[in-house]
Visitor: 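I am attaching a structure below and will ask some questions about it afterwards.
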Number of protein chains: 4
Amino acid sequence: MADGVKVRRLPRVVRERQMMDAAVTCFARHGYQSASMDEIAELAGVSKPLVYLYLGSKEELFTACIRREAGALLAAVAAGVEDRSRPADEQLWAGLLAFFTYVADHPDAWVVLSRRAWTQGEPFAGEASRMREEIAAFVAGLIGDVHGGVAGPGVEVRGGGAGPDPDVHGGGVGRGVDALALALVGAAESLADWAAETPGTTARDTAATLMNFAWAGLGNLVKSERWSPP
Amino acid sequence: MADGVKVRRLPRVVRERQMMDAAVTCFARHGYQSASMDEIAELAGVSKPLVYLYLGSKEELFTACIRREAGALLAAVAAGVEDRSRPADEQLWAGLLAFFTYVADHPDAWVVLSRRAWTQGEPFAGEASRMREEIAAFVAGLIGDVHGGVAGPGVEVRGGGAGPDPDVHGGGVGRGVDALALALVGAAESLADWAAETPGTTARDTAATLMNFAWAGLGNLVKSERWSPP
Amino acid sequence: MADGVKVRRLPRVVRERQMMDAAVTCFARHGYQSASMDEIAELAGVSKPLVYLYLGSKEELFTACIRREAGALLAAVAAGVEDRSRPADEQLWAGLLAFFTYVADHPDAWVVLSRRAWTQGEPFAGEASRMREEIAAFVAGLIGDVHGGVAGPGVEVRGGGAGPDPDVHGGGVGRGVDALALALVGAAESLADWAAETPGTTARDTAATLMNFAWAGLGNLVKSERWSPP
Amino acid sequence: MADGVKVRRLPRVVRERQMMDAAVTCFARHGYQSASMDEIAELAGVSKPLVYLYLGSKEELFTACIRREAGALLAAVAAGVEDRSRPADEQLWAGLLAFFTYVADHPDAWVVLSRRAWTQGEPFAGEASRMREEIAAFVAGLIGDVHGGVAGPGVEVRGGGAGPDPDVHGGGVGRGVDALALALVGAAESLADWAAETPGTTARDTAATLMNFAWAGLGNLVKSERWSPP
DNA sequence: AATGAATGAGCCTTCATTCAT
DNA sequence: GATGAATGAAGGCTCATTCAT
């Protein structure tokens with residue numbers, strides 16, 4: 001009858017965060033399939049039915065996790081880039097730095113987002129790819145500026161992407177640009193995984209490595225025409 | 001008396017190949033965890049016990065698949081490269097072309113080898129990574145040639161601040177080169193996945209895209225200093 | 001609204017008892033290996049997962065059964081003996097009577113405890129033997145009392161040739177006493193099985209038979225009226 | 001075409017012995033249920049179908065093993081007793097000695113015969129019990145001599161069992177005698193197991209221990225020095 | 001006389017999910 | 001708002017047993 005002795009009735013939002021935090025940890029630890037709802041509920045400190053009540057099925061839970069973490073990652077990158085009118089290389093550098101920094105600071109989130117936690121055929125593969133595509137699209141924008149600029153003679157390389165950018169998607173240059181962007185994203189993922197496993201790496205170094213690779217190009221490493229961080 | 005209608009009692013080697021083919025297909029379709037031995041056996045046209053008798057457990061079966069497919073892929077790339085005394089860019093180009101060609105021709109094999117079929121923590125992750133590392137090592141060799149051979153002393157692949165050289169790990173160039181190689185491999189994987197999903201791409205185009213990206217460098221796309229296939 | 005028609009949602013302890021009862025029955029009926037978890041669950045009136053949730057694996061379940069039944073049997077015997085300061089023959093008689101009574105009343109329990117339900121090499125063999133040893137130790141204590149207390153020094157329980165005393169193991173009397181105790185326990189088991197299969201036997205009669213066999217024999221060991229091999 | 005290079009076609013009897021030897025070993029090692037036909041066939045050096053061809057099912061194979069080994073054991077005991085007209089105690093001693101000797105020399109056979117290799121409910125339980133009963137009947141014969149003798153006053157204790165022995169089975173004394181015989185057999189089994197597990201025991205010592213236990217007891221039944229329940 | 005090839009059937013175990021309170 | 005109790009469904013693995021040669 002005495003109430004208030006043990007207040008366990010937390011507001012829904014708090015509980016949901018607890019659960020998703022637990023879920024991210026578990027999914028990162030075991031992967032989607034091997035993570036069990038039991039463990040997630042236990043780690044969150046609640047009973048299993050509550051998880052189902054709030055977050056739906058395991059699949060929905062995972063999708064929610066991906067959405068939350070992808071949003072945070074994208075926000076971090078966007079915040080890092082800051083100003084979309086700066087020169088493309090500065091934007092790229094800022095984006096890479098923000099990316100590797102975020103990933104280093106949130107390893108579980110990155111595991112869940114990267115392909116280490118799930119496999120093809122799982123229904124949220126699309127959900128997860130969406131983030132990838134968003135990032136790729138952003139990168140494609142940058143590259144498109146550069147690349148498109150090159151197409152016409154005399155065009156300023158560093159022309160900011162102020163105006164509309166009609167040629168990024170679709171045929172023509174677009175497809176090539178998309179492919180390049182994907183290559184860059186793939187390289188970034190690969191390096192992020194490597195950095196996560198390799199002790200003693202800093203986000204700045206990793207970002208610089210990729211920036212070098214991407215910007216200067218392997219062929220030019222030969223000529224010491226390296227890009228260097230500002 | 002009618003012969004050839006339905007062949008039963010095949011020799012062990014043949015059955016084993018059938019089973020592994022079926023396994024590769026299933027693993028590619030659903031991923032390791034979700035693929036069921038029942039489905040594999042059915043697809044192979046045999047009963048489940050036979051699969052266990054010949055190939056052992058599910059894990060052993062998957063490992064065997066990875067080994068077989070990794071061997072085939074590596075062999076294809078090695079055959080493409082042909083002559084390790086040619087100029088590095090030719091070698092790289094040949095390797096990329098062979099890689100994307102093989103991957104385009106054997107999409108299931110590629111899914112099984114790439115991270116789309118399994119997740120971190122699964123016991124064969126090591127087995128599967130071995131191939132990745134072998135390819136990366138090969139690429140690192142090329143890059144190292146370029147770097148060490150052409151650029152002369154004093155050139156550094158990895159970026160970093162202006163301050164004291166943080167490259168305290170590994171043997172001088174090593175780590176930076178490894179990271180670059182991994183970046184390249186990651187880009188290749190990413191493009192391979194993209195090519196697999198995108199109709200109308202040829203292996204040659206994809207390879208050229210990556211070669212451009214990797215060799216010329218994004219920065220130089222600006223100056224139209226693009227590498228072009230021989 | 002109708003209550004008592006069919007009781008669902010029982011508290012855990014009740015369900016656990018139901019399951020273990022069912023398990024004892026099944027194990028007694030078919031032996032450990034041949035008993036199936038399906039049958040146990042069905043007999044207990046629950047689904048299989050619940051059995052696993054509450055009692056763990058088949059092996060753990062069996063171990064739990066053995067422990068429970070062994071505890072009950074030992075408790076029954078101990079309660080029968082009552083007073084460990086009474087004369088040894090009274091103690092033995094009381095123990096035998098309690099044993100055969102309990103065994104007659106709980107035939108399934110006895111099957112599970114005796115070697116009829118499991119075979120050598122099964123992991124709980126040790127668990128099950130422990131009870132046997134406890135009983136044997138108790139009996140050995142009685143015999144030891146008789147022997148040490150009444151017979152005085154120089155009397156030996158174990159036979160043997162006329163030559164040098166081969167009793168080099170154990171602490172003097174120990175081994176011979178242990179062997180005798182085991183013989184007695186073996187005889188008791190054998191009679192218990194026989195009584196279980198033979199209708200019309202009472203626990204009192206069976207106990208008396210064994211007591212006659214054992215005591216008249218043991219009693220005379222005291223007087224050195226030993227039979228000696230020719 | 002060349003024949004005779006490798007003669008593997010052994011006569012049926014030889015093959016059968018090989019198989020049964022292997023079977024006894026396997027059954028002793030793992031118990032009936034856990035022993036696999038694969039292992040038996042392999043140990044026998046033949047293919048599985050041959051085992052089925054010669055010995056029938058696993059159950060028949062085990063039954064055959066039991067029959068063979070039981071026959072050998074009984075023959076050994078019978079041979080040890082030699083002369084059924086000797087005094088009962090000599091017969092019993094000779095039988096026990098032969099029993100423990102045989103068991104010590106053929107541990108696998110004993111495991112298969114004793115309850116360590118199979119469990120109740122298995123169809124050959126009866127088959128295996130038959131040997132037990134045969135031995136028990138033999139023992140009962142001896143005891144019956146002694147016991148029956150005591151009933152009438154002045155009867156010679158060691159009266160040989162030459163004449164017909166009508167009162168061993170059935171009501172009256174019979175049942176008690178059977179029970180005593182079973183107790184003795186149970187004690188013998190128990191000691192045999194103990195001896196098998198305990199290094200440094202000789203068959204003679206073990207037999208003497210039991211003989212002491214049994215005879216000093218039985219011997220006193222003669223003098224009506226029976227212990228009686230309060 | 002002997003075997004390589006093959007399978008039907010079953011068992012232990014797990015897990016996402018829901019019901020009733 | 002929160003949970004203890006309970007399960008349907010499926011998956012990995014094994015084994016005795018047989019067919020065709």
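Note: hydrogens, waters and symmetry copies are ignored here, and every other heavy atom, side chains too, is used. Chain naming here is simple, since letters A, B, ... match the order of the sequence lines and numbering starts at 1 in each.
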Visitor: Report which part of the nucleic acid Arg12(D) touches: base, sugar-phosphate, or nothing (heavy-atom distance under 4.0 Å, all strands).
Guide: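 Nothing: the residue Arg12(D), judged by heavy atoms under 4.0 Å, touches no strand.
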Visitor: Can you say whether the rings of Phe124(A) and Phe62(A) are parallel (under 30°), tilted (30 to 60°) or perpendicular (over 60°)?
Guide: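 The arrangement is tilted - the two ring planes meet at 30° to 60°.
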Visitor: Hey, could you give me the CZ/CZ distance between Arg15(D) and Arg9(D), rounded to the nearest 0.5 Å?
Guide: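 It is 9.5 Å, given to the nearest 0.5 Å.
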Visitor: Just verifying a value: how many Å separate Ile66(C) CD1 and Thr63(C) OG1, rounded to the nearest 0.5 Å?
Guide: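 Rounded to the nearest 0.5 Å, the CD1-OG1 separation comes out at 6.5 Å.
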Visitor: Heavy atoms from C-beta onward define the side chain here; which of dA6(F), dA6(E), dT3(F) lies closest to that of Leu10(B)?
Guide: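 Closest of the options to the side chain of Leu10(B): dA6(E).
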Visitor: Going by side-chain contact (heavy atoms from CB on, under 4.5 Å), name the residues that satisfy it together with Val14(A), two or more places apart in sequence or in a different chain.
Guide: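 Val14(A) satisfies side-chain contact (heavy atoms from CB on, under 4.5 Å) with Leu10(A), Pro11(A), Gln18(A) only.
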Visitor: At what angle, to 10 degrees, do the two end axes of the helix from dA2(E)-dT21(F) to dT21(E)-dA2(F) meet, given five pairs define each axis?
Guide: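 For the helix from dA2(E)-dT21(F) to dT21(E)-dA2(F), the axes at opposite ends meet at about 30°.
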Visitor: Reading DNA chain F from 5' onward, which residue's closest nucleotide shows up sooner: Val46(A) or Gly45(C)?
Guide: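 Checking each residue's closest nucleotide, the 5'-ward one belongs to Val46(A).
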Visitor: Which ones in residues 17-42 of chain C lie close to DNA chain E, meaning a heavy atom under 4.0 Å from one of its atoms?
Guide: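 Residues of residues 17-42 of chain C under 4.0 Å from DNA chain E: Ala35(C), Ser36(C), Met37(C).
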Visitor: OP1 or OP2 of dA2(F) versus the side-chain N and O atoms of Arg15(A): is any pair under 4.0 Å?
Guide: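 So the side chain of Arg15(A) is within the cut-off, an N or O lying under 4.0 Å from OP1 or OP2 of dA2(F).
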Visitor: Roughly how far apart are Gln33(C) CD and Gln33(D) CD, rounded to 0.5 Å?
Guide: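 Rounded to the nearest 0.5 Å, the CD-CD separation comes out at 5.5 Å.
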Visitor: Can you tell me which residue pairs pass the salt bridge (Lys or Arg N to Asp or Glu O under 4.0 Å) test with a partner in residues 44-65 of chain A, sequence neighbours excluded?
Guide: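 For residues 44-65 of chain A, and leaving out neighbouring residues, the salt bridge (Lys or Arg N to Asp or Glu O under 4.0 Å) pairs sorted by first residue read Asp38(A)-Lys48(A).
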Visitor: Consider the side chain of Lys48(A), meaning its heavy atoms from C-beta on, and name the nucleotide among dG12(F), dA6(F), dT7(F) that approaches it most closely.
Guide: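 Nearest to the side-chain atoms of Lys48(A), counting from C-beta on, is dA6(F).
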Visitor: Look up atom SG in Cys26(A) and atom CE in Met19(A), then write down how far apart they are to the nearest 0.5 Å.
Guide: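 Rounded to the nearest 0.5 Å, the SG-CE separation comes out at 13.0 Å.
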Visitor: Under the side chain to side chain donor-acceptor pair (under 3.5 Å) rule, collect the residues that match up with Trp110(C), sequence neighbours excluded.
Guide: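 For Trp110(C), the residues satisfying side chain to side chain donor-acceptor pair (under 3.5 Å) (neighbours in sequence not counted) are Asp193(C).
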Visitor: Rounded to the nearest 0.5 Å, what separation is found between the CE atom of Met131(C) and the CG atom of Leu113(C)?
Guide: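 If we round to the nearest 0.5 Å, Met131(C):CE and Leu113(C):CG are 4.5 Å apart.
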Visitor: Which one of Arg68(B), Arg67(B), Glu69(B) satisfies the side-chain contact (heavy atoms from CB on, under 4.5 Å) criterion with Met20(B)?
Guide: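 Filter result, single survivor: Arg68(B).
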Visitor: Contacts to DNA chain E from residues 49-66 of chain D, heavy-atom cutoff under 4.0 Å, which residues?
Guide: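 Residues of residues 49-66 of chain D under 4.0 Å from DNA chain E: Pro49(D), Leu50(D), Tyr54(D).
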Visitor: Nearest 0.5 Å, please: how far is SG in Cys65(A) from CD in Glu127(A)?
Guide: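 Between atom CD of Glu127(A) and atom SG of Cys65(A) there are 11.5 Å.
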